[in-house]
Amino acid sequence: MADILVVGSLNVDLTVSVPRFLKPGETLTGSKFAVFTGGKGGNQAVAAARLGADVAMVGCVGDDANGEMYKSALKREGVRLDAIATIQEETTGVAVITVDASGENTIAIVPGANARLSVDVISGAEALFQGAKACLFQLETPLVSIQHAAALARAAGVTVILDPAPAPSKPLPQPLIMLCDYITPNETELGLLTGMEVATVEQAAEAAMKLIAQGAKAVINKRGSAGALLVAREGYRLYEGYQVTAVDTTAAGDTFNAGLAVGLAMELAVPDAIRLANAAAALSVTGMGAQAAMPSFERASALVDGLEYPCD
Ligand code: RIB
């Protein structure tokens, strides 16, 4: 039985390196193009597996070459594939990504098979919820299915971690919020979810308290290289990030969530799980592509301990 269960999206990322982001109507010459496996769900599954966890993925791919390519990649990473459905006459999800010279990105996605992650597909994987230690969710697949899966996780006594990404266009339904042990928005997502200012740590803590008042047990606001802000009923604390040279920040948030889940599944104290998550996320931005630079547990732990971190 897997310790970490990921329910979510699988995309193939078409990534272009550009000197700066495009303006509307502009054509710009980029320097590199590459195809990577991505999608917030797949990224979280791979990051958790690299950190040494036993991981199962629930998701959908299309009956195309991208779907086969993605399943082979997950197999190589040691992620359990039994609950990945192949949807006939559908394309695997695709993301078109531009990465600028500072490593920031823009992402446009076409959900394809991810939109077919139905309640039925989740129900078919119900046995996986029993015995898992943490479940990871995001918002690139239908909300109704995520809510169903979160309810199964909660009923099985599994820690529920929701990454509200991509940023939702309207507030999350309260029944979903109430199922969450941790909601992990970045600054943009926290602002959109609450309609509040989040520029300062104090403002972000106040906004996070709104989600806690709606039933979330805790909120972790991902603040990029500045670190992560843990907010619970009792108060808040910023855990500083680790400074690295960013090449591509794609999936830094996904790697953070995986690190948090792995740390909690290992029964680390919450602050230590957040430090592991911060370190894993920092290392993940040091290479091109969503998953290429996701670190091992040893490498992330070495960064937490302030040691020289060896290459994997
Ligand atoms: O979080 C990063 C991911 O967002 C990319 O891999 C892309 O596929 C989109 O889902």
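Keep in mind that the numbers below use all heavy atoms, side chains included, and drop hydrogens, waters and symmetry copies. Order of listing sets the numbers, starting from 1, for every ligand and every atom in it.
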Check: Of the non-hydrogen atoms in L172 and P164, which two are nearest, and what is the gap between them?
Finding: CD1-CB, 4.4 Å

Next item on the list: Any pair with a residue in residues 138-162 that passes salt bridge (Lys or Arg N to Asp or Glu O under 4.0 Å), sequence neighbours left out, goes on the list, sorted by first then second residue, please.
Entry: R154-D181

Checklist line | Test of proximity, K40 against ligand 1: N or O pairs below 3.5 Å | finding: yes

Notebook entry, point to check: Please, which pairs that meet side-chain hydrogen bond (donor to acceptor under 3.5 Å, both in side chains) have at least one residue in residues 56-65, sequence neighbours excluded?
Noted result: D64-T92

Checklist line | Shortest protein heavy-atom distance from atom 2 (C) of ligand 1, along with the residue and atom involved | finding: D254 OD2, 3.4 Å

Item checked: Minimum heavy-atom distance L193-P168, with the two atoms named -> CD2-CG, 3.3 Å

Next item on the list: If you have a sec, work out which protein heavy atom is nearest atom 3 (C) of ligand 1 and how many Å separate them, to one decimal?
Entry: N43 ND2, 3.6 Å

Checklist line | Heteroatom distance test (I109, ligand 1): nitrogen or oxygen, under 3.5 angstrom | finding: no

Notebook entry, point to check: Salt-bridged, R275 to E240, with N to O below 4.0 Å?
Noted result: no

Check: Does G253 come within less than 4.0 Å of ligand 1, judged by its heavy atoms?
Finding: no

Note to self: Within ligand 1, which atoms have a heavy atom of I107 less than 4.0 Å away?
What the structure shows: 4 (O), 9 (C)

Notebook entry, point to check: Against heavy atoms of G38, which atoms of ligand 1 measure under 4.0 Å?
Noted result: 6 (O), 8 (O)

Next item on the list: Verify the distance criterion only: is there a donor paired with an acceptor across the side chains of T184 and N257 at less than 3.5 Å?
Entry: yes

Item checked: Contact (N/O only, under 3.5 Å) between E140 and ligand 1 -> yes

Next item on the list: Among all protein heavy atoms, pick out the one at the shortest distance from atom 8 (O) of ligand 1; state its residue, atom name and that distance to 0.1 Å.
Entry: D13 OD1, 2.6 Å

Checklist line | Beyond-backbone contact of R80 with M57, side-chain heavy atoms, under 4.5 angstrom | finding: no

Next item on the list: Number the atoms of ligand 1 from 1 as they appear, then name those within less than 4.0 Å of a heavy atom of A95, with their elements.
Entry: 7 (C), 8 (O)

